[in-house]
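Contents: one structure, followed by commentary.
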Amino acid sequence: MASVYDPGQVEGKWYDYWKQGNFFVPSGDLSQPHFSIVMPPPNVTGQLHLGHALDNTIQDILTRWRRMQGYNTLWLPGTDHAGIATQARVEESLAAEGISKYDLGREGFLERVWEWKRLYGDRITQQLSLLGSSCDWSRERFTMDEGCSRAVREVFVRLYEKGLIYRGDYIINWCPRCLTAISDIEVEHADSDGHLWHIKYPLQDSDQFVIVATTRPETMLGDTGVAVHPEDERYRPLVGQQVVLPLVGRIIPIFADPYVDREFGTGAVKVTPAHDPNDFEMGLRHDLELVNVMSPDAHMNENAGPYAGLDRYEARRQVVKDLEAGGYLLQVEDHQHALGHCQRCDTIVEPMVSLQWFVKMKPLAQPAIEKVVNGEIQFIPERFTRVYTNWMENIRDWCISRQLWWGHRIPVWYCQECGEIICSRQDPVACPSCASSQLVQDEDVLDTWFSSALWPFSTLGWPDDSDDMRHFYPTSVLVTGRDIIFFWVARMIFSGIEHTGQVPFRQVNIHGLILDALGRKMSKSLGNGVDPLEVIEKYGADTLRFSMITGVTPGNDIRFQWDKVENTRNFANKIWNAARFVLMNLEDYSPVEVGRDELSLADRWIYGRLQLKIAEITSLLADYELGEAARRIYDFIWDEFCDWYIELAKPRLFSPSQPRDRVVVQTVLHAVLMEIVKLLHPFMPFITEEIYQNLPGHGPTIMLEAWPQADPDRIDTDAIEQMQLLMAAIRAIRNIRADFNLSHGTAIKVIVAAPESGVADLFRANGGYVQDLARVGELAIVDRLEEAPRQAVSALLPFAEFYVPLEGIIDIHKEVGRLEKELRNIDQEIAKTEAKLNNPGFLAKAPPEVVEKERARAEEAGQRREGLLQRVQILTAE
RNA sequence: GGGUCGUUAACUCAGAGGUAGAGUGCUUCCUUGACGCGGAAGAAGCCACAAGUUCGAAUCUUGUACGACCCA
């Protein structure tokens, strides 16, 4: 084994081995509980980014852990067709060849997209493999495969038949570049600097006027009303009157509506129902006419009269100019307002009225809220529950039609003869009403999220009553970022409840975003993204996984730091070398029975500590506290196992006079390393498999090993406490060595004065530990010193005093300084404990054990102070 | 405007009602037979501010400031 761990030599090999061994496939053991996760499907043409890496690492940790615990475990992978995103990319590539999708026609274009999908479809899944994802590739799905498409069809028809899907003219968000409707949540709002124009609208047959304020003057061409607040005294007399729309000449009413904000602008607003969502609502309430003045590419249309053909911003300039010329423009203020942008292409979205398909949300939202409120679905961390319920409670109908070609075509046909509308599971051949075969399918496709919403059950075989549905549904947990709670999580919840009668998952584990080192979102435009493949290439997947997980609070964002990656790489190397050491010393090892009475103090200590760690780590995992769990393993391996246990084991390993010692230590090293490697496996699957496969007594794969279970019988609290004393002693002596620059070669003598017989016995029995680890030549143990040596440095610990005679080396002055500093610390501690013990409230109300602890501490501090004072006296006495 | 999160050592972050933690960095020292991607020791924090609850608050409550994000 090489002394530096090389992940490149290891990772690919084991992944192939696991796949070939079918170790990712569920055990199928129905006597065990199931554990299932459906993977949030990445965009089929996408590339792995750090967000995916984090998301899938979490899922893989949970999956590997539960699998080891014996659950019938399924992690189902797949990809999403990502309608608008994929179509845009294919269009771009066509544009590079100088052709548009219209040149190819719908069929031809779709062929190109499928080609594209075949070309790039494997890339992201291959990248997921590089991460070590233990998902069942035999069940891999795609949102547009046959089964998912059938589920989409079924759901659409059911909702349609229930009256929950309708088609209508409503205001939607229109992207003038993508030339499609997009849903509310696909619009991103950003503040931008604009103006507020104050415009005079003259009253009909009067020389009076109202002043309206607007940020989008060009939309006035479509105004069909002016609104004021019903309780606004200023305008009360005007309500019911008519104004003459400037430039256009249309006569439109002034009406009162509580939506109007009296503080905004002049308190009177122009109402354009065809180009503003709020105006649209008011239009419905007051039966206003809809005047659409824009074409799909955001140019003015024929309803804009002389402005027809102008781009929306040119039209704005022209309208303003004309208003000014006509004396209608009274004032222009600077004004900041939020503008909606297309999530996909960042174009400013235009609210427009158009004929689209919608899902009626209120009836679906209600049960979806209940299941979360009553705890059938649990968000982790819990605070995301409110994010979800707030959104669900204020939900609006979901616009599901998209004017795209790539996606699930809406299963609705229009009879050209009689106008019948047919919504059907099977493609109809004749009109059921007039038997005509002149049927034309709706041109639109469904929002990508319509199919994603069905993912937890469409992938398991729904609508059939499949084995997988029965065995793995509802799924156990959904792991995803908080950025798609609305897009996806919410929609899966109401869809699952509506169509399967059950929640789609029991728990939702929300994690944060990965940010760059400066705390900014990683984005293409900033160019601050880090490619996970680069990290894997340089440091290995185990390192990437562990560095993203460890020391992270669930739900919080994570800054990506190369420093941390390096530190984790060092950790991997540390484990590697610890294993190398163990394996090197196991070459002559054959398993033997080792009696409990043969175990040394250090053996009993490490066994006990291991049990405690197993219990902690298991319970942290159950609570989704992966960061803390990882940190505990890290500490245990590096600190307790490597820095202490292995060091303590060395002398016994190499002592020719005690051959049995070597066997015992070998046994313990082997057993503890085996458990460590299992505990670490979900986090770092590759290196742990590699080590495991080198350990004597290994099975076919570590993946099939049982997760360690804490054995309370092995927790020897005495051994743990005793080791603590020895370790404290070793540290104190090392400290002295460092302070006095005593080189390694310098053998020192240490006198231990231990008044308690138990402590003295401990040092008599295990003085070897101190001698070896603190490099002590002679260790003398006494109850008490008649006369403490003057030419000696001391460490006065609560349980014993340690003297290192340094005739000729010690600088008395320096030593006194050292002791005085310690005295100051002790004095502070005493002041603190005294303050508590002198507080009657504390004595009366604090739990007795806390008071007792405080008393003990005070007493101990008092004794140490006494000792320190004496020591100073001895040293300063001339 | 509403909401969520954050503010802890120089930096990046854990923690959490009862003596402030890690990693990196910094200062010494160490070619000890796993690892210098290592080991030992050390310096370094009024846990943002204010009020409250409590015997006791960095931790709970409320408010303030600053920062990030989400929704309108």
Side-chain angles (χ1 to χ4, degrees), chain A residues 1-5 184-185 188-189 261 263 277-278 338 340 381 383-387 390-391 394 482-483 485-486 512-513 515 517-521 539 543 547 550-553 555-564 566-585 625 627-628 630-632 634-635 638-639 642-643 646-647 649-651 653-654 669 730-745 772-775 825 828-829 832-833 835-847 849-851 853-854 857-858 860-861:
Chain A
M1 285 171 91
S3 73
V4 172
Y5 175 63
D184 293 338
I185 50 179
E188 285 174 355
H189 296 271
D261 177 2
E263 310 296 319
N278 295 310
R383 67 182 132 96
F384 291 108
T385 308
R386 280 190 59 200
V387 177
N390 284 346
W391 187 72
N394 299 303
R482 60 148 192 275
D483 47 333
I485 293 178
F486 305 143
L513 267 42
L515 309 174
L518 301 175
R520 301 169 305 180
K521 264 191 198 171
Y539 295 95
T543 292
S547 72
T550 188
V552 167
T553 310
N556 284 12
D557 290 346
I558 301 157
R559 284 194 203 192
F560 181 87
Q561 308 262 97
W562 283 104
D563 269 8
K564 196 171 174 186
E566 251 176 62
N567 175 248
T568 311
R569 185 269 318 265
N570 295 352
F571 174 57
N573 197 52
K574 185 77 181 175
I575 306 155
W576 180 251
N577 277 289
R580 216 159 61 87
F581 174 81
V582 174
L583 290 168
M584 275 162 48
N585 285 292
E625 296 274 1
E628 190 58 13
R631 209 177 55 82
R632 304 279 173 109
Y634 178 100
D635 289 345
W638 202 313
D639 187 40
C642 292
D643 289 348
I646 288 184
E647 293 309 319
K650 279 178 183 172
L653 230 27
F654 306 133
L669 281 170
I730 290 164
R731 282 196 198 97
I733 297 165
R734 283 172 169 172
N735 188 340
I736 290 169
R737 288 195 87 101
D739 271 1
F740 287 87
N741 285 332
L742 302 174
S743 75
H744 262 298
D772 291 326
L773 297 201
R775 309 232 131 211
N825 288 340
Q828 265 179 22
E829 197 182 320
K832 253 194 245 176
T833 47
K836 279 191 181 178
L837 291 168
N838 289 334
N839 177 351
F842 177 73
L843 297 176
K845 298 204 174 167
E849 62 272 19
V850 173
V851 176
K853 228 170 111 184
E854 208 60 36
R857 186 180 300 155
E860 193 183 286

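Sequence lines set the chain letters: A, B, ... in the order given, protein chains first and strands last, and positions in each chain run from 1.
Comparing the same atom, C1', in B:G45 and in B:G36 gives a spacing of 30 Å after rounding to whole Å. On the C1' atoms, B:G18 is 35 Å away from B:G39, given to the nearest whole Å. B:G23 sits 16 Å from B:A14 when the P atoms are compared, rounded to a whole Å.
Computed from coordinates, the A:Phe571 CZ to B:A34 C1' distance equals 15 Å when rounded to whole Å. Following rounding to the nearest Å, A:Lys853 (NZ) and B:G18 (C1') show an atom-to-atom distance of 7 Å. Between A:Asn556 atom CG and B:C5 atom P the separation is 10 Å, expressed in whole Å. Residue A:Arg775 contributes atom CZ, which lies 10 Å from atom C1' of B:C30 at whole-angstrom precision. As a whole-Å value, the separation of A:Glu854 CD from B:G17 P is 18 Å. Here the C1' atom of nucleotide B:C35 and the NZ atom of A:Lys650 are 9 Å apart, to the nearest Å. As a whole-Å value, the separation of A:Arg569 CZ from B:U24 C1' is 13 Å. The NZ-C1' distance, from A:Lys574 to B:C37, rounds to 10 Å in whole Å.
In this structure A:Phe486 satisfies the ring-ring contact (aromatic ring centres under 6.0 Å, His included) test together with A:Trp391, sequence neighbours excluded.
The side chain of A:Arg559 places an N or O atom within less than 4.0 Å of a non-bridging phosphate oxygen (OP1 or OP2) of B:U12. For the pair A:Asn585 and B:G33, the criterion of a side-chain N or O lying under 4.0 Å from OP1 or OP2 is not met. Between A:Thr550 and B:A14 there is no side-chain polar atom (N or O) within less than 4.0 angstrom of OP1 or OP2. Within the structure, a side-chain polar atom (N or O) of A:Trp638 is placed less than 4.0 Å from OP1 or OP2 of B:G39. A close approach under 4.0 Å does occur between a side-chain nitrogen or oxygen of A:Thr553 and OP1 or OP2 of B:A14. A sub-4.0 Å separation between OP1 or OP2 of B:A14 and a side-chain N or O of A:Arg631 is absent. The side chain of A:Lys832 places no N or O atom within less than 4.0 Å of a non-bridging phosphate oxygen (OP1 or OP2) of B:G56.
Within the nucleic acid shown, A:Asp643 comes within 4.0 Å of sugar-phosphate atoms alone, with no base atom in reach, counting heavy atoms only. Counting non-hydrogen atoms under 4.0 angstrom, A:Ala844 reaches nothing in the nucleic acid.
The nucleotide whose nearest atom lies closest to any side-chain atom of A:Lys845 is, among B:C55, B:G18, B:A41, B:C55. For A:Asp563, the listed nucleotide lying nearest its side chain is B:U24; candidates were B:C37, B:U24, B:C55. For A:Arg386, taking side-chain heavy atoms from C-beta onward, the closest of the listed nucleotides B:G3, B:C35, B:C29 is B:G3. With distances taken from any side-chain atom of A:Gln561 to the nucleotides B:U12, B:A40, B:G18, the minimum falls on B:U12.
A salt bridge links A:Glu628 with A:Arg631: the closest approach of a Lys/Arg side-chain nitrogen to an acidic carboxylate oxygen falls below 4.0 angstrom. Ion pairing between A:Lys832 and A:Glu829 fails under the 4.0 Å rule for side-chain N and carboxylate O. A:Glu849 and A:Lys853 are not joined by a salt bridge, as no carboxylate oxygen comes within less than 4.0 angstrom of a charged side-chain nitrogen. The pair A:Asp557-A:Arg482 meets the salt-bridge criterion, with a side-chain N (NZ, NE, NH1 or NH2) lying under 4.0 Å from an Asp/Glu carboxylate O.
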Can you check nucleotides 66-72 of chain B for protein contacts, nitrogen or oxygen pairs under 3.5 Å, and list what you find?
| from | atom 1 | to | atom 2 | distance (Å) |
| --- | --- | --- | --- | --- |
| B:C70 | OP1 | A:Lys521 | NZ | 3.3 |

How does RNA chain B read in dot-bracket, base by base from 5' to 3', with Watson-Crick or G-U pairs under 3.5 Å and | used when the partner is on another strand?
(((((((..((((....[..)))).(((((.......))))).....(((((..]....)))))))))))).
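Ring geometry, A:Trp638 versus A:Phe571: the interplanar angle falls under 30°, so the pair is classed parallel (tilted spans 30 to 60°).
A donor N or O paired with an acceptor N or O is not found under 3.5 Å between the base of B:A14 and the side-chain atoms of A:Glu625.
In this structure, A:Lys574 is not positioned above the aromatic face of A:Tyr634 in the sense of NZ or CZ being under 6.0 Å from the six-membered ring centre and within 45° of the axis.
Judged by closest nucleotide on RNA chain B, A:Glu628 is the one of A:Glu628 and A:Glu647 placed further toward the 5' end.
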